[in-house]
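Side chains included, hydrogens not; waters and symmetry mates left out as well; all remaining heavy atoms used.
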Amino acid sequence: MIAALLEALQFTFMRHALLAGLLVSVACGLIGTFVVVKRIVFISGGIAHAAYGGIGLGYYFKYMILPVLFAGSAAARDPRPGYWPLLGAVVFSLLAAAIMGWIQRRTRQRADTIIGVLWAIGMAVGIILVDLTKGYKVDLMSYLFGSILAVERTELLAIAGLDVLVIALVALFYKELLAVSFDETFATVENVPVGAIYGLLLAMIALTVVMLMRVVGLILVIAMLTIPPAIAGRLVKGIVPMMIVSALLGVLFTFTGLWLSYAWNLTSGASIILVAGAGYLLSLISWRRLRPAPNA
């Protein structure tokens with residue numbers, strides 16, 4: 001395995017993939033812990049799939065709007081997609097997070113239905129915008145199932161910037177995020193701005209989703225947000241240790257999945273998730289066997 005990894009590291013795309021996996025694992029460890037503790041996996045999935053609309057918006061803006069606004073300029077002639085889909089996904093996912101968060105807090109009884117509708121609309125908008133984009137046609141499957149081996153340097157820098165932002169926000173509002181995640185009533189009594197902090201948490205989920213979409217894809221993004229923290233929750237106690245272990249597990253799953261995809265010529269995103277899923281099942285079986293009997 002080590003020899004295969006050293007051989008793979010000769011290629012620039014593999015080095016980019018490993019670095020992207022490392023950066024994303026850190027953000028997943030932090031934000032995924034709050035997702036699991038707060039039990040907002042469904043709304044996180046809604047944000048992830050609604051972000052697909054931003055991808056279509058980014059391509060439409062790149063190939064339909066920019067040539068009109070900057071006819072003859074370098075920006076209009078550049079054939080590469082660049083960071084426009086990433087930027088569009090950021091805008092769309094943040095907007096989806098704001099709408100879904102507001103809906104969940106105001107209409108709790110029907111929130112799941114409305115979020116499901118927004119989930120579907122976001123993906124449909126993305127597909128339609130790509131259909132309306134003339135000329136270049138993006139491979140939509142690369143965003144649905146990930147394309148970590150195709151991460152470009154500009155995307156890597158953008159992911160690193162988002163990673164730093166997420167880490168800074170978690171460090172700055174850690175106590176407030178902790179209070180809102182465990183007990184909103186207590187947080188309100190302690191004068192914590194629950195609505196604003198909850199909105200901040202959803203915004204950070206949106207940013208993490210954007211980082212993850214190039215690694216495992218939007219369909220599998222929730223797996224990386226939830227599986228490592230779910231395993232970590234069985235191994236350690238406390239939020240900070242859970243975050244650290246989650247990040248380390250994310251790195252382990254990503255690197256192992258990349259090795260499998262390289263050695264066996266498999267899809268990288270699916271390989272990463274398969275490794276993570278196997279790790280979760282193993283932890284579940286081990287936890288049940290090691291758990292003492294009720295009368296022990």
Side-chain angles (χ1 to χ4, degrees), residues 18-48 51 86 89-90 93-94 97 100-101 146 148 155-184 187 192 194 196-216 218 220-255 257 272-273 276 279-280 283:
L18 290 173
L19 184 55
L22 175 62
L23 292 172
V24 167
S25 295
V26 173
C28 282
L30 271 64
I31 302 304
T33 297
F34 289 115
V35 169
V36 171
V37 171
K38 184 66 175 171
R39 297 182 180 180
I40 51 174
V41 175
F42 183 72
I43 192 172
S44 301
I47 294 171
L86 185 67
V90 168
S93 61
L94 287 175
M100 292 180 185
I148 190 174
E155 292 176 314
L156 206 57
L157 292 174
I159 291 173
L162 292 175
D163 210 15
V164 171
L165 178 60
V166 168
I167 293 172
L169 289 174
V170 169
L172 188 61
F173 297 101
Y174 174 74
K175 292 182 179 179
E176 292 82 358
L177 288 167
L178 199 62
V180 170
S181 296
F182 278 102
D183 193 338
E184 289 190 8
V192 174
V194 174
I197 295 299
Y198 184 63
L200 175 65
L201 175 59
L202 294 182
M204 289 191 292
I205 292 172
L207 294 178
T208 306
V209 162
V210 172
M211 288 188 280
L212 273 171
M213 71 180 185
R214 288 292 274 167
V215 177
V216 296
L218 293 174
L220 303 176
V221 66
I222 295 305
M224 280 300 286
L225 267 178
T226 56
I227 291 178
I231 298 174
R234 299 181 183 276
L235 300 177
V236 297
K237 295 184 181 296
I239 294 297
V240 174
M242 189 174 171
M243 289 178 175
I244 295 173
V245 174
S246 296
L248 293 176
L249 287 173
V251 172
L252 175 63
F253 295 152
T254 302
F255 284 16
I272 293 170
I273 298 304
Y280 178 76
S283 70

Note, [X] side chain near [Y] side chain (heavy atom, < 4.5 Å):
X: L177; Y: L169; value: no
X: F173; Y: M204; value: no
X: V24; Y: M224; value: no
X: V170; Y: I31; value: yes

[atom1]/[X] to [atom2]/[Y] distance, rounded to the nearest 0.5 angstrom?
X: I273; Y: I222; atom1: CD1; atom2: CD1; answer: 10.0 Å
X: L94; Y: L207; atom1: CG; atom2: CG; answer: 5.0 Å
X: L156; Y: L19; atom1: CG; atom2: CG; answer: 4.5 Å
X: I227; Y: L249; atom1: CD1; atom2: CG; answer: 11.0 Å

Residue list, side-chain contact (heavy atoms from CB on, under 4.5 Å) with [X], at least two apart or on another chain:
X: A187; value: A179, V180, V192, V194
X: V26; value: L30, D163, I167
X: I244; value: V240, L248
X: V36; value: T226, P229, M242

task = Write out all pairs satisfying side chain to side chain donor-acceptor pair (under 3.5 Å) with one or both partners inside residues 33-43, taking only residues at least two apart or from two chains.
result = K38-E184

ask   = Do T254 side-chain atoms and V251 backbone N/O form a donor-acceptor pair below 3.5 Å?
value = no

inquiry  = For the backbone of G250 and the side chain of S25, can you confirm whether one donor and one acceptor N or O come within less than 3.5 Å of each other?
reply    =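 Side chain of S25 to backbone of G250, a donor-acceptor pair under 3.5 Å: yes, one is there.
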
Where do [X] and [Y] come nearest, in terms of heavy atoms and distance?
X: I231; Y: A276; answer: CD1-O, 4.3 Å
X: F34; Y: L201; answer: CB-CD1, 3.7 Å
X: L212; Y: C28; answer: CD1-SG, 3.4 Å
X: L202; Y: G101; answer: CD1-CA, 3.3 Å
X: I148; Y: A20; answer: CG1-CB, 4.4 Å
X: A51; Y: V209; answer: CB-CG1, 4.4 Å

query = Does the pair L23 and M211 meet the rule for a side chain to side chain contact (heavy atoms under 4.5 Å, CB included), with working shown?
reply = CA-CA 9 Å; L23 292 172; M211 288 188 280; 5.9 Å; no

query = Can you list the steps and then say if I43 with I205 is a side chain to side chain contact (heavy atoms under 4.5 Å, CB included)?
reply = CA-CA 10 Å; I43 192 172; I205 292 172; 5.7 Å; no

